[in-house]
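So the structure is just underneath, and the comments pick up after that.
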There are 2 protein chains.
Amino acid sequence: MRRMTARPANTHQARLLRLLRDGGPNSRAQLGDQVDLSRSKLAVEVERLLETGLVVADGLAASRGGRRSHNIRLAPGLRFLGVDIGATSVDVAVTNAELEVLGHINQPLDVREGPVAVFEQVLAMAAKLKASGLADGFDGAGIGVPGPVRFPEGIPVAPPIMPGWDGFPVREALSQELGCPVMVDNDVNLMATGEQHAGVARSAGDFLCVKIGTGIGCGIVVGGEVYRGTTGSAGDIGHIVAVPDGRPCACGNRGCLEAYFSGAALARDATEAAQQGLSAELANRLETNGSLSAADVAAAAAAGDATALDLIREGGNRTGQVIAGLVSFFNPGLVVIGGGVTGLGHTLLAAIRTQVYRQSLPLATGNLPIVLGELGPAAGVIGAARLISDHLFSPA
Amino acid sequence: MRRMTARPANTHQARLLRLLRDGGPNSRAQLGDQVDLSRSKLAVEVERLLETGLVVADGLAASRGGRRSHNIRLAPGLRFLGVDIGATSVDVAVTNAELEVLGHINQPLDVREGPVAVFEQVLAMAAKLKASGLADGFDGAGIGVPGPVRFPEGIPVAPPIMPGWDGFPVREALSQELGCPVMVDNDVNLMATGEQHAGVARSAGDFLCVKIGTGIGCGIVVGGEVYRGTTGSAGDIGHIVAVPDGRPCACGNRGCLEAYFSGAALARDATEAAQQGLSAELANRLETNGSLSAADVAAAAAAGDATALDLIREGGNRTGQVIAGLVSFFNPGLVVIGGGVTGLGHTLLAAIRTQVYRQSLPLATGNLPIVLGELGPAAGVIGAARLISDHLFSPA
DNA sequence: ACTACTTTCTCCACTCACAGGACAAAGGCG
DNA sequence: CGCCTTTGTCCTGTGAGTGGAGAAAGTAGT
């Protein structure tokens with residue numbers, strides 16, 4: 001199949017492509033209702049899009065009381081690659097032009113092995129998806145990395161948990177390897193983008209998306225656009241001080257949020273509790289697996305283990321305190337909680353909600369939903385596909 | 001003089017008006033260099049603006065080696081009213097179309113007396129400025145109030161320190177009284193706008209403006225635009241928890257930043273210290289004035305009083321800790337400190353800087369200036385004038 | 001004073017985006 | 001079978017905008 005070569009020639013075409021992406025197939029008339037263009041102008045732009053091959057007309061829709069309309073849809077062969085690189089695992093997925101996930105692979109990974117090794121693995125996973133017949137090539141790829149990114153160039157800058165990536169030209173290198181356009185962003189921003197596109201944040205303009213995985217980060221969306229900050233490190237809330245002069249943190253300061261709660265901190269605290277004999281449930285699991293993870297704590301909590309529940313509650317309280325501050329500051333319309341620890345579920349959510357509703361201003365919390373993300377591990381890859389499609393569906 | 005009646009008919013005209021406002025008189029050729037329009041089109045739009053009376057051509061500029069150019073400038077009779085209502089005082093100023101302050105009055109005031117009493121005073125001050133010959137009427141007015149505002153309607157919502165204002169239609173009422181268009185915003189946002197227009201933040205895209213007066217607030221600017229949040233309460237950082245389970249605060253929670261530092265907290269702590277005999281300097285001033293204010297603490301600190309300096313340092317440390325968190329979260333390109341306590345000067349600034357540079361991530365602080373505002377009490381009124389001029393200089 | 005060159009501004013013809021109406025195509029319904 | 005509705009196409013008029021020619025008004029050199 002021929003790959004996507006053309007780009008929309010103007011903002012009208014870009015607008016139409018995004019409508020077709022987000023709303024699925026549409027007739028010219030339906031498109032006309034959404035774009036404030038005359039039917040004649042619209043027909044011209046659709047015609048040009050048909051000529052480029054970016055969209056196709058396939059078949060007639062059912063009549064709605066008059067002449068049947070032609071279905072216009074994005075080229076069915078378009079394929080986007082979504083890659084979400086985490087600290088300890090990687091997700092790779094293929095989507096169609098409507099950003100529906102056609103195939104999704106997750107594999108363990110150590111991001112510290114550096115970009116070369118990681119990309120080898122990612123390319124192998126992409127090849128596997130291709131081999132399974134889901135795609136015969138990619139029209140674009142979005143990449144999420146667990147650290148700050150200089151966005152326009154797609155280059156990680158001073159990423160704490162992946163020092164070997166500092167300055168590595170991810171965008172350029174992967175574009176070469178894959179032979180298609182590539183965009184790179186922080187993994188937390190992509191999760192926010194994913195939940196905005198297809199998850200709980202669909203109708204939200206200003207919202208926060210807190211991702212609690214190995215570390216803690218926060219995606220910030222202002223007026224529907226991801227806010228990345230001056231140097232690309234916005235949302236890096238893991239090292240906000242939760243307890244002045246509190247526990248020492250790996251970063252050198254004391255009392256950072258991540259020293260109290262994150263996937264890593266939770267595993268550590270659970271191990272400690274198990275070794276001190278505070279929880280038979282956790283001790284059992286430690287014995288069996290050799291180590292504990294956030295998932296073990298979630299399982300123990302589900303089984304009613306008091307220690308596990310306490311750990312989750314305490315972590316949720318700390319996190320909630322920090323989020324409460326952010327809510328006062330940012331006054332979002334929605335807060336989404338996601339990431340690896342979503343498995344901790346409503347115990348965690350309840351603790352966070354309690355703190356936020358108690359500490360933030362009534363005006364800011366009055367109508368503020370605090371909810372779990374609904375896409376799980378798909379959020380990142382959908383966000384990645386959305387990122388590259390936004391890029392490709394804008395005027396060249 | 002005839003008041004401004006027309007509004008720009010399109011974005012080009014709006015753009016030209018703003019260029020003339022921010023850059024002063026310009027020739028058609030100079031304007032052409034800035035707007036990416038052909039000279040012919042530009043001449044047409046300028047001609048239309050001349051017809052409306054929004055701009056005038058007055059005289060010829062010196063030759064730069066060729067034909068002398070005609071100076072185009074905003075109508076010299078345009079006058080904006082800037083009003084900055086604080087908790088305990090009010091600033092009213094008149095500006096010309098270039099937002100230069102022509103006259104400025106400050107008077108004490110108790111905002112809790114409610115909108116009717118306050119507006120009576122404000123209107124009297126405006127009349128005084130008119131009587132002094134600086135204006136014979138106003139083409140627009142910007143109003144700053146110390147609380148959250150539903151921005152489009154210009155109505156305060158649930159303002160903690162001015163409960164009598166809740167739901168009062170400030171914009172509509174003042175528009176009636178003044179007979180000109182009015183825009184209303186939070187005082188902190190207007191300070192940020194003022195420093196952005198004519199102060200230290202002139203070239204900043206994303207920045208924070210922390211105003212420490214009777215309370216503490218923070219103006220948030222994203223991409224050159226003030227961010228107000230979902231319900232207009234963004235930047236309300238006074239009740240972020242600085243010390244978990246710390247001092248009780250008037251809001252009912254414990255450990256709020258404002259319980260530790262603000263004009264009011266500083267005055268209270270200084271009074272306490274004076275009564276406990278910790279500082280002869282402060283005790284003296286308490287004796288003389290009957291009460292202490294932030295200005296007294298500033299004076300004592302300037303005189304070398306150790307207790308006063310300690311109070312400032314401790315407050316700066318608390319504030320700095322909170323700002324450090326905001327810097328990690330928001331990753332601004334600049335932090336401006338302003339408000340009534342700017343008189344505490346570099347002792348305060350040094351404490352804040354120390355905390356932020358120590359606690360925030362290197363990537364976020366690496367090139368982050370933290371500076372005092374340079375406009376002082378003029379920031380608010382200039383911001384107010386800028387607010388209404390932005391409104392009037394946009395297509396109707 | 002005269003010429004050559006520069007800058008500023010105006011005028012005019014041409015292009016292009018776009019709207020809006022007329023009209024054709026294709027269906028449903030009584 | 002006529003009438004109405006919906007969809008899509010064609011065509012013409014309008015107004016925005018460009019770009020070039022040239023007029024206006026100056027400086028600098030000879």
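Below, each value reflects all heavy atoms present in this structure, side chains not excepted, and no hydrogens, waters or symmetry copies. In the text below, chain A, chain B and the rest are named by the order of the sequence lines, each starting its count at 1.
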Relative to B/Phe151, does B/Arg228 satisfy both conditions: NZ or CZ under 6.0 angstrom from the six-membered ring centre, and within 45 degrees of the ring's axis?
yes
Does B/His70 make a side-chain N or O approach to OP1 or OP2 of D/dA25 shorter than 4.0 Å?
no
Nearest-angstrom distance from the residue atom CG of A/Asn71 to P of D/dT7:
12 Å
Using whole Å, what does the distance between atom C1' of nucleotide D/dA24 and atom CZ of B/Arg39 come to?
13 Å
Can you tell me how far C1' of C/dC9 sits from CG of B/Asn26, to the nearest Å?
15 Å
Using a 4.0 Å heavy-atom cut-off across all strands, classify A/Ser69 as base, sugar-phosphate, or nothing.
sugar-phosphate
Would you give the length of the straight line joining atom CZ of A/Arg15 to atom CD of A/Gln34, rounded to the nearest 0.5 angstrom?
7.5 Å
Which comes earlier along DNA chain C counting from the 5' end, the contact point of A/Asp36 or that of A/Gly66, where each point is its nearest nucleotide?
A/Asp36
Nearest of D/dA16, D/dC11, D/dG20 to any side-chain atom of A/Ser40?
D/dC11
Contact class for A/Lys41 (heavy atom, under 4.0 Å): base, sugar-phosphate, or nothing?
sugar-phosphate
Mind telling me whether A/Tyr227 and B/Phe330 have parallel, tilted or perpendicular rings, with 30° and 60° as the class edges?
parallel
Which one, C/dA19, D/dT9, C/dC9, comes nearest to the side chain of B/Ser27?
C/dC9
Rounded to the Å, how far apart are A/Arg67 CZ and C/dA24 P?
12 Å
Compare side-chain N and O positions of A/His12 against OP1 and OP2 of C/dA17 and report whether any pair is under 4.0 Å apart.
no
Between A/Arg386 and A/Val381, is there a donor-acceptor pair closer than 3.5 Å when you use the side chain of the first and the backbone of the second?
no
Find the distance A/Leu42:CG to C/dG20:C1' and express it as a whole number of Å.
15 Å
Out of D/dG17, D/dT6, D/dA16, which nucleotide sits closest to the side chain of A/Arg64?
D/dT6
Nucleotide C/dT8, atom P - distance to CD1 of B/Ile72 in whole Å
13 Å
Would you say C/dT10 has OP1 or OP2 under 4.0 Å from some side-chain N or O of B/Arg28?
yes
Rounded to the Å, how far apart are B/Gln30 CD and C/dT8 P?
8 Å
Of the listed nucleotides (C/dG27, C/dT10, D/dC10), which one gets closest to any side-chain atom of A/Arg68?
C/dG27
For atom CG of A/Leu60 and atom P of C/dA25, their distance in whole Å:
15 Å
Name the nucleic acid region contacted by B/Ser63, choosing base, sugar-phosphate or nothing; use a 4.0 angstrom heavy-atom cut-off, strictly under.
sugar-phosphate
Taking atom CD of B/Glu172 as the centre, report whether more than 12 heavy atoms of other residues, nucleotides or ligands fall under 6.0 Å from it.
no
